[in-house]
A.B. asks: 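My questions will all concern the structure given below.
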Amino acid sequence: MREHPDSLDAALTAWESELRPSVVRHQHLARVKGQLFVPSNVPIEVVRSVAVRLACAMRERRLAKARAKEARAA
């Protein structure tokens, strides 16, 4: 409103043009993240399954290392 005190339309247009890139980016990320919960096709489901298995395996390895370290310290 400070930049366009005489024109509400111009003020709103300027405001929208500043926000639009951020909103578009967040909408895109929401669609991508939604695929983690509800894959839209079989290839995406396969990629999701592999990613989840890898994440679980990495977590298990980290926990096993921590347990081994604790056992050596005891």
Side-chain angles (χ1 to χ4, degrees):
M1 291 300 296
R2 279 184 228 139
E3 295 172 16
H4 305 281
D6 298 332
S7 174
L8 180 59
D9 286 339
L12 291 174
T13 299
W15 180 60
E16 180 185 5
S17 68
E18 282 184 39
L19 287 179
R20 173 117 350 241
S22 177
V23 169
V24 168
R25 185 173 54 253
H26 285 288
Q27 288 173 336
H28 173 72
L29 287 173
R31 284 189 292 274
V32 169
K33 290 176 182 180
Q35 293 296 315
L36 292 173
F37 297 101
V38 184
S40 60
N41 58 45
V42 174
I44 292 175
E45 187 174 348
V46 169
V47 169
R48 175 192 175 273
S49 296
V50 169
V52 168
R53 274 190 249 125
L54 286 173
C56 289
M58 288 172 46
R59 181 176 181 269
E60 287 301 317
R61 269 191 234 124
R62 229 181 1 251
L63 290 172
K65 275 185 174 181
R67 284 191 291 265
K69 186 177 180 181
E70 287 176 6
R72 283 192 303 262

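We're numbering straight along the sequence, starting at 1. This structure is a prediction, so every number in the text was calculated from the model and none was measured.
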A.B. asks: Please enumerate all residues that pass side-chain contact (heavy atoms from CB on, under 4.5 Å) together with Ser17, with sequence neighbours excluded.
C.D. replies: none
A.B. asks: Looking at residues at least two apart in the chain, or sitting in another chain, which of them share a salt bridge (charged side-chain N to carboxylate O under 4.0 Å, His left out) with Glu18?
C.D. replies: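 For Glu18, no residue satisfies salt bridge (charged side-chain N to carboxylate O under 4.0 Å, His left out) once neighbours in sequence are set aside.
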A.B. asks: Which pairs would a plain distance check flag for residues 56-71, meaning a side-chain donor or acceptor within less than 3.5 Å of a matching protein atom at least two apart in sequence or in another chain?
C.D. replies:
none

A.B. asks: The criterion is side-chain contact (heavy atoms from CB on, under 4.5 Å); which residues satisfy it with Ala11, sequence neighbours excluded?
C.D. replies: Met1, His4
A.B. asks: Could you identify which residues cluster with Phe37, counting Ile, Leu, Val, Met, Phe, Trp and Tyr as linked when any side-chain heavy atoms lie under 4.5 Å apart, either directly or through a chain of such contacts?
C.D. replies: Leu36, Val38
A.B. asks: Once side-chain contact (heavy atoms from CB on, under 4.5 Å) is applied, do any residues pair with Asn41, and if so which ones, sequence neighbours excluded?
C.D. replies: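 With neighbours one apart ignored, the set is Pro43, Ile44.
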A.B. asks: According to salt bridge (charged side-chain N to carboxylate O under 4.0 Å, His left out), does anything in residues 28-47 pair up with another residue at least two apart or in another chain? List the pairs.
C.D. replies: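 The answer is none; no pair qualifies.
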A.B. asks: For Ser7, check side-chain contact (heavy atoms from CB on, under 4.5 Å) against everything at least two apart and list the hits.
C.D. replies: Asp9, Ala10
